[in-house]
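Comments concern the structure below.
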Amino acid sequence: MAPPDSLLRRCALGLWFCAISALGLLRFFAYLADDTGAGPGHVGWTWFGGSVVMAVVGLVLLVRALRG
């Protein structure tokens, strides 16, 4: 009989997606806080949108891992 998987092992992929999302949000805020005063622009908003999608995927995976 195999030992049960640890919580970290079950949640690893969800945590990875959430960490990538956090890095993307940091990149978005770097575009937001640049000295040009022009705002984040298309590239910054793409980083933001991708980060939101990655966060949603990560949270869904975390909830599935914690339930099952």
Side-chain angles (χ1 to χ4, degrees):
M1 178 174 251
D5 286 334
S6 68
L7 181 62
L8 181 61
R9 182 173 286 204
R10 287 187 289 141
C11 295
L13 190 60
L15 291 171
W16 184 77
F17 274 109
C18 288
I20 295 297
S21 172
L23 291 175
L25 287 174
L26 285 174
R27 187 68 179 155
F28 167 72
F29 285 118
Y31 276 105
L32 194 64
D34 67 352
D35 291 336
T36 61
H42 290 78
V43 174
W45 287 111
T46 302
W47 276 100
F48 179 73
S51 297
V52 169
V53 169
M54 297 289 271
V56 169
V57 170
L59 291 174
V60 167
L61 289 172
L62 282 174
V63 167
R64 284 182 56 195
L66 291 173
R67 282 190 178 177

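Reckoned from all heavy atoms, side chains included, excluding hydrogens, waters and symmetry mates. In this chain, numbering begins with 1 at the start of the sequence shown.
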Next on the checklist: Going by the rule ring-ring contact (aromatic ring centres under 6.0 Å, His included), which residues pair with F28 if we only count those two or more places apart in sequence or in a different chain?
Outcome noted: W45, F48
Checklist entry - Can you list the residues that meet the side-chain contact (heavy atoms from CB on, under 4.5 Å) rule with D5, with sequence neighbours excluded? => result R9, R10
Without placing hydrogens or testing angles, list every side-chain donor-acceptor pair under 3.5 Å for residues 49-65, not counting sequence neighbours.
from, atom 1, to, atom 2, distance (Å)
S51, OG, L25, N, 3.2
S51, OG, W47, O, 2.8

Checklist entry - Within the side chain of S21, is there an N or O that forms a donor-acceptor pair under 3.5 Å with the backbone of F17? => result no
